[in-house]
Amino acid sequence: GPQEVWQTLILMPMGSGDPVGFRAWQLLTGPLFFPPLGGFPALMLGFLGFIFFAAPVERMLGRRSFLQLWFVASLGAALFGVLLSFVLPSPAAFGFAPAVLAIMVVHCMMTPEAMVPFHLIFTVLHVRMKWIAAVIARLVLLRTLGLLVGGPSDRTSVV
């Protein structure tokens with residue numbers, strides 16, 4: 001059924017005892033799917049990040065380099081997830097989030113001094129892109145460390 005197809009395509013941990021288990025092609029297919037563990041808000045944030053940042057980064061890098069960035073970020077996260085499966089009792093499901101985060105960080109690094117307005121209740125706060133990149137990098141680092149030392153509820157995804 002659909003559950004078997006899902007488990008065949010999403011990245012499964014090594015030696016999970018799952019009937020489907022890890023397959024080499026999951027390194028390529030896993031990043032194409034969004035794991036249901038993050039919920040709808042995480043999915044929407046991923047889509048918004050892609051919508052706002054992908055086109056400018058593709059224009060700056062060119063189509064070929066943009067696709068290389070997407071592939072390297074996706075494959076790197078999938079390999080990292082496989083390595084984490086040796087340490088964690090449950091899989092670290094990343095989906096397409098690492099590629100979207102890589103695109104966001106590259107955009108911030110290519111336009112570090114650009115200002116982004118954040119509309120708060122009664123004021124507008126302007127933040128430079130380099131600080132947004134720093135916050136994203138720190139959040140990913142803290143979440144990854146949380147995977148390694150946190151409780152079972154923290155082991156669902158990096159973002």
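This one's a predicted model, so the numbers in the text were calculated from it and none came from an experiment.
By the side chain to side chain contact (heavy atoms under 4.5 Å, CB included) test, Met110 pairs with Met60, Leu61, Val106, sequence neighbours left out. Remark: Arg63 pairs with Glu58 by the side chain to side chain donor-acceptor pair (under 3.5 Å) rule, at least two apart or across chains. Residues that satisfy the side chain to side chain contact (heavy atoms under 4.5 Å, CB included) test with Ala114, not counting sequence neighbours, are Thr111, Met129. Residues passing the ring pair (Phe, Tyr, Trp, His ring centres under 6.0 Å) test with Phe52: none are found, sequence neighbours excluded. By the side chain to side chain contact (heavy atoms under 4.5 Å, CB included) test, Val127 is found to be paired with Phe118, Leu125, Trp131, Ile132, residues two or more places apart in sequence or in another chain being considered.
Taken together through direct or relayed side-chain contacts under 4.5 Å among Ile, Leu, Val, Met, Phe, Trp and Tyr, Met109 and Met115 form parts of separate hydrophobic clusters. Criterion: ILVMFWY side-chain heavy atoms under 4.5 Å apart, direct or through other members. Under it, Leu83 and Leu27 are not part of a common hydrophobic cluster. Under the 4.5 Å side-chain heavy-atom criterion for Ile, Leu, Val, Met, Phe, Trp and Tyr, Ile51 and Met104 are members of distinct hydrophobic clusters.
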Can you give the donor-acceptor pairs under 3.5 Å from side chains of residues 66-78 to other protein atoms, not counting sequence neighbours?
unit_1: Ser74; atom_1: OG; unit_2: Trp70; atom_2: O; d: 2.8

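Atom-to-atom distance recorded for Leu101:CG and Phe50:CZ is 13.0 Å, nearest 0.5 angstrom.
The salt bridge (charged side-chain N to carboxylate O under 4.0 Å, His left out) contacts involving residues 117-135 comprise Glu113-Arg128, Glu113-Lys130, where partners must be two or more places apart or lie in separate chains.
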